[in-house]
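Read the structure below first, then the notes.
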Amino acid sequence: MACSQTPSEMPGEGVPASQKTSWTSFVKSIVSFSGDLSSLTAPPFILSPISLTEFPAYWCERPGLFAAIADAKDEQERTIAVLKWFISTLKGQYTSRNEKLGSEKKPLNPVLGELFYGYWPDRDGRGQTNLVVEQVSHHPPITAYYISNPSKGLALQGHSAQKTSFSSGSIVVKQIGHAVLTVDLPDGNGKEEFLITLPRLRIDGIWYGSPYIELTGVSYIQSSSGWLSTIDYEAKEARGWLSFGGKSHFFKAVVTPPESSTPVKRIEGYWHETSKDSDTGELFTDVRGPKEEVTVGPLEQMLDFESRKLWQHVARGIREGDYELASREKSKIENEQRQRRREEQAAGTKWQLKHFEHIDSDPVYERLGKLFNANPPKEDAYVFMHNRDFPPSV
């Protein structure tokens with residue numbers, strides 16, 4: 001007698017009945033596809049109503065922790081404050097859509113030149129934090145962002161892209177890009193820089209129509225002072241969590257001083273819930289409470305290329321389950337994008353970026369990457385041109 005599957009294990013269990021055919025075709029295309037999966041068109045039911053250009057907002061949905069970096073008294077305190085803030089961003093970046101939408105959804109693929117602006121207002125003296133995002137490439141998709149809190153002397157500049165492949169029933173995502181956090185030191189004593197690398201992702205649950213994300217590998221936060229945070233998402237406790245009783249979303253982190261491999265602080269826990277000091281048991285991060293959504297301007301005042309205005313009808317179709325509307329409006333935007341590229345090619349012109357300038361090699365990445373043997377040893381970057389006016393702090 002064959003073993004029966006529980007409902008949660010049935011292939012396609014998370015797929016709406018009206019979308020089973022498109023889901024089956026999508027899974028078959030993934031399995032047989034060779035190359036970068038980002039070029040595949042996903043069925044509407046696994047699309048998020050949010051464009052990828054909005055994702056950099058996840059860096060600052062706990063703006064108090066971001067601002068607290070500036071209040072640290074010395075290099076060691078700043079390194080630990082940066083690590084605490086970074087760990088607090090992971091839930092928003094990688095699991096929040098599971099909670100809102102029932103499973104991980106594929107974000108809308110931005111058009112070239114797409115923009116997203118926002119801010120977190122000053123509260124309790126933390127200062128106002130501002131956000132500028134621009135889609136600087138469509139093939140491959142690359143998103144550049146700049147986040148700043150001028151009153152605290154903090155600025156985060158970075159870009160991200162993804163290379164995706166299919167392996168053993170999962171989508172494997174190699175995140176390309178990095179971020180650099182610059183901190184103005186007290187009393188005008190220069191700046192401290194932190195190079196932040198990105199973890200790899202594994203997306204499971206595709207076969208069942210209910211995708212979810214797990215982080216893999218190791219990421220680093222390297223300070224120009226020499227302090228290093230190493231975050232391991234594949235610690236022994238996390239490996240094989242489905243089959244062997246391991247733990248989902250588990251991580252371990254160590255903080256080491258310059259020219260030393262001996263940790264002065266060790267952290268472990270769950271990046272989507274809580275973590276603690278491994279030696280003292282003291283609470284380190286707790287992201288179970290509410291986050292603070294980014295504030296954006298009214299839709300009617302947005303530029304045509306701002307994300308929420310550009311995708312408003314697609315997003316409405318997805319949220320209301322009107323997949324025909326979502327598909328029709330999405331195709332309209334994509335066709336307009338293709339027509340722009342054809343016109344540019346015919347005219348011999350190239351799309352001009354609005355807020356960022358591309359450089360072939362980031363000197364900060366190269367300089368700080370040498371301290372922990374970053375791979376690759378060099379990366380390009382997109383430099384913010386400081387040509388965006390932010391709302392006045394109130």
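- Figure legend: K84 and F284 shown as a cation-pi pair, the cationic atom lying under 6.0 angstrom from the six-membered ring centre and within 45 degrees of its axis.
- Under the side-chain contact (heavy atoms from CB on, under 4.5 Å) criterion, V254 pairs with T230, P263, R266, sequence neighbours left out.
- When each of F372, F86, Y365 is tested with Y220 by the rule ring-ring contact (aromatic ring centres under 6.0 Å, His included), just one qualifies, namely F372.
- Residues H138 and N109 have side chains in contact (heavy-atom distance under 4.5 Å, counting atoms from C-beta outward).
- With values rounded to the nearest 0.5 angstrom, E282 atom CD is found 10.5 Å from S275 atom OG.
- In terms of heavy atoms, V314 sits closest to K330 at CG2-N, 3.5 Å.
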**Study point:** E61 and K91: CA distance, side-chain angles, deciding distance, salt bridge (Lys or Arg N to Asp or Glu O under 4.0 Å) verdict
**Key:** CA-CA 10 Å; E61 289 187 324; K91 178 181 180 179; over 6 Å; no
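- For D279, the CG atom sits in a packed shell: over 12 heavy atoms of surrounding residues, nucleotides or ligands are nearer than 6.0 Å.
- The 12-atom threshold is exceeded at NZ of K309, counting heavy atoms of other residues, nucleotides or ligands nearer than 6.0 Å.
- The side chain to side chain donor-acceptor pair (under 3.5 Å) check on R388 picks up nothing, with sequence neighbours excluded.
- Among L154, N130, L131, the one residue that satisfies the side-chain contact (heavy atoms from CB on, under 4.5 Å) test with I147 is L131.
- Aromatic rings from Y94 and H272 are positioned such that their centres are separated by 6.0 Å or more.
- Here the OG-CG distance, from S160 to L52, works out to 6.0 Å after rounding to the nearest 0.5 Å.
- Between K152 and G125, the closest heavy-atom pair is CE-O, 3.6 Å.
- In this structure E134 satisfies the side chain to side chain donor-acceptor pair (under 3.5 Å) test with no other residue, sequence neighbours excluded.
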Exercise for review: Please test F251 against Y233 for ring pair (Phe, Tyr, Trp, His ring centres under 6.0 Å), starting from the C-alpha separation and ending with a verdict.
Suggested key: CA-CA 5 Å; F251 78 96; Y233 308 95; 7.1 Å; no
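- Side chains of W311 and I50 form no contact here, defined as non-hydrogen atoms less than 4.5 Å apart.
- Sparse packing is recorded around CD of Q345, with 12 or fewer heavy atoms of other residues, nucleotides or ligands lying under 6.0 Å away.
- In this structure, W85 contributes its side chain and W59 its backbone to a donor-acceptor pair below 3.5 Å.
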